[in-house]
Amino acid sequence: MELLTRLTQCSAVSGNEEHIVSIIKDEIRDYVDETYTDNLGNLIAHKKGDGKRLLFAAHTDEIGIMANYIDDCGYIRFACVGKVNLYAALYQRVRFSSDVYGVVCCDAKHDIKNGLKTKDMYIDIGASSKEEALSLVSPGDTASFCGDFRISGDKIISKALDNRAGVYSLVQAIKRINYNSFDLYFVFSSQKELGLRGVKPAVYNINPDIAISVDVTDTGDTPNCEVNDIKLGSGVAVKIMDKSVITHKGLRNAICQIAKDSGIDYQYEIITFRDNDAGAMQTIRGGAVTGALSVPVRYIHTPCETAQISDINACISLICEICKKDFILV
């Protein structure tokens, strides 16, 4: 879990993924034939093979905030980067890339029962003037939410499990794959939280035959949540549909058969909200045969996202098994 701790605790707000890309590159360099980055900040790794081009993608970025105005008293107004839940953000700590910490607050006279908007909120970094604040933070600087990595029994609680759980799964799989019947590409994509941006040029340039996204998904196992059949501890989720994609039936059938044959716990994912890099991969160029694997996570886009270790391990194992098989899509 040391690697997953480092991955979750580094800051990589959309458009600022350099730090996590450096960590991933150092981890996988001895297990692939080449790595390179493109103009959007995607890290691409290639493990050569003689078969069809199979691409896996896991996005590296996380939601966050961006300073956009500093008032005379040193309070920082901000814009959201990605889909930030303002109620979940209220009175949470944030860390700017300059290693300055602050607290997300709302105007004292604002009644949050009437709703929250960013215009009613600010960040307090302890500065007493605009000049002092500007010596620490500049407009355009981004901050990630703070959420320590903790293991509680068989569960992990941390910020940024969306999508460091997917990144971790892909990195660990890369290290374990010692035979592949495919020509393998691994894309650690940028700016997913801003609209699936990074994966598009990467997939366009690689032009894979088969593309599989590795991400997280919401669970349906907490009180009064959005109804779905996904549970912590029931294995990796094989996506059928979300609001951005309906996966290729033949591919997901093949993936499920591989899981069954390998004794890997899996469940089906059908949700009508959230999007996924698979939605972009499916429509680039002539369209790849597209699927998606998801790690179930509770409380997505909060500083206390929660996952189960066995589900992450199931995801890693399934990726490895997929790479071994010369399967036929029906």
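Only heavy atoms go into these numbers, but all of them, side chains included; no hydrogens, no water, no symmetry mates.
Between the side chain of D221 and the main chain of L232, a donor-acceptor pair closer than 3.5 Å is present. Formation of a donor-acceptor pair under 3.5 Å by the S11 side chain with backbone atoms of S97 is not found in this model. Side-chain atoms of D275 never come within 3.5 Å of backbone atoms of S244 as a donor-acceptor pair (strictly under, hydrogens ignored). At distances below 3.5 Å, not a single donor-acceptor pair connects side-chain atoms of E18 with backbone N or O atoms of G41. No donor-acceptor pair closer than 3.5 Å links the side chain of R95 to the backbone N or O of F145. Without hydrogens or angle criteria, S98 side chain to L136 main chain gives a donor-acceptor distance under 3.5 Å. A donor-acceptor pair is defined here as one N or O able to donate and one able to accept, closer than 3.5 Å; no such pair exists between the side chain of D120 and the backbone of L116. Side-chain N or O atoms of N276 include none that pairs as donor or acceptor with a backbone N or O of G279 at under 3.5 Å. D61 contributes no side-chain N or O that, together with a main-chain N or O of S190, makes up a donor-acceptor pair within less than 3.5 Å. Of the possible polar contacts, none joining the Q267 side chain to the A237 backbone as a donor-acceptor pair under 3.5 Å is found.
Clustering ILVMFWY residues whenever any of their side-chain heavy atoms sit less than 4.5 angstrom apart, transitively, puts V295 in the very cluster that holds M241.
A salt bridge links E27 to R6: one of the charged nitrogens lies within less than 4.0 Å of a carboxylate oxygen.
Partners of Y299 under the ring-ring contact (aromatic ring centres under 6.0 Å, His included) rule, at least two apart in sequence or in another chain, do not exist in this structure. With sequence neighbours excluded, the residues satisfying ring-ring contact (aromatic ring centres under 6.0 Å, His included) with Y185 are H46.
Side-chain contact between N163 and K192 is absent, with no heavy-atom pair separated by less than 4.5 Å. In this structure the side chain of D215 never reaches within 4.5 angstrom of the side chain of D277, judged on heavy atoms. Using a 4.5 Å heavy-atom cutoff, the side chains of V203 and L55 are in contact.
Here the CG-NZ distance, from D72 to K130, works out to 6.0 Å after rounding to the nearest 0.5 Å. T217 OG1 to E269 CD: the interatomic distance, rounded to the nearest 0.5 Å, is 3.0 Å. Taken to the nearest 0.5 Å, the CD atom of E62 stands 10.0 Å off from the CG atom of N16.
Residues A278 and S213 share a closest heavy-atom pair of N-CB, 3.8 Å.
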Name every donor-acceptor pair, under 3.5 Å, that has one atom in a side chain of residues 304-312 and the other anywhere in the protein, sequence neighbours excluded.
{"unit_1": "E305", "atom_1": "OE1", "unit_2": "A160", "atom_2": "N", "d": "3.4"}
{"unit_1": "E305", "atom_1": "OE1", "unit_2": "L161", "atom_2": "N", "d": "2.7"}
{"unit_1": "E305", "atom_1": "OE1", "unit_2": "D162", "atom_2": "N", "d": "2.8"}
{"unit_1": "E305", "atom_1": "OE2", "unit_2": "H301", "atom_2": "N", "d": "2.7"}
{"unit_1": "T306", "atom_1": "OG1", "unit_2": "C304", "atom_2": "O", "d": "3.1"}
{"unit_1": "Q308", "atom_1": "OE1", "unit_2": "K155", "atom_2": "NZ", "d": "3.3"}
{"unit_1": "Q308", "atom_1": "NE2", "unit_2": "D154", "atom_2": "OD2", "d": "3.2"}
{"unit_1": "D311", "atom_1": "OD1", "unit_2": "G233", "atom_2": "N", "d": "3.3"}
{"unit_1": "D311", "atom_1": "OD1", "unit_2": "S234", "atom_2": "N", "d": "3.4"}
{"unit_1": "D311", "atom_1": "OD1", "unit_2": "G235", "atom_2": "N", "d": "2.8"}
{"unit_1": "D311", "atom_1": "OD2", "unit_2": "G233", "atom_2": "N", "d": "2.8"}

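With a 6.0 Å radius and a threshold of 12 heavy atoms from other residues, nucleotides or ligands, D107 has its CG atom above the threshold.
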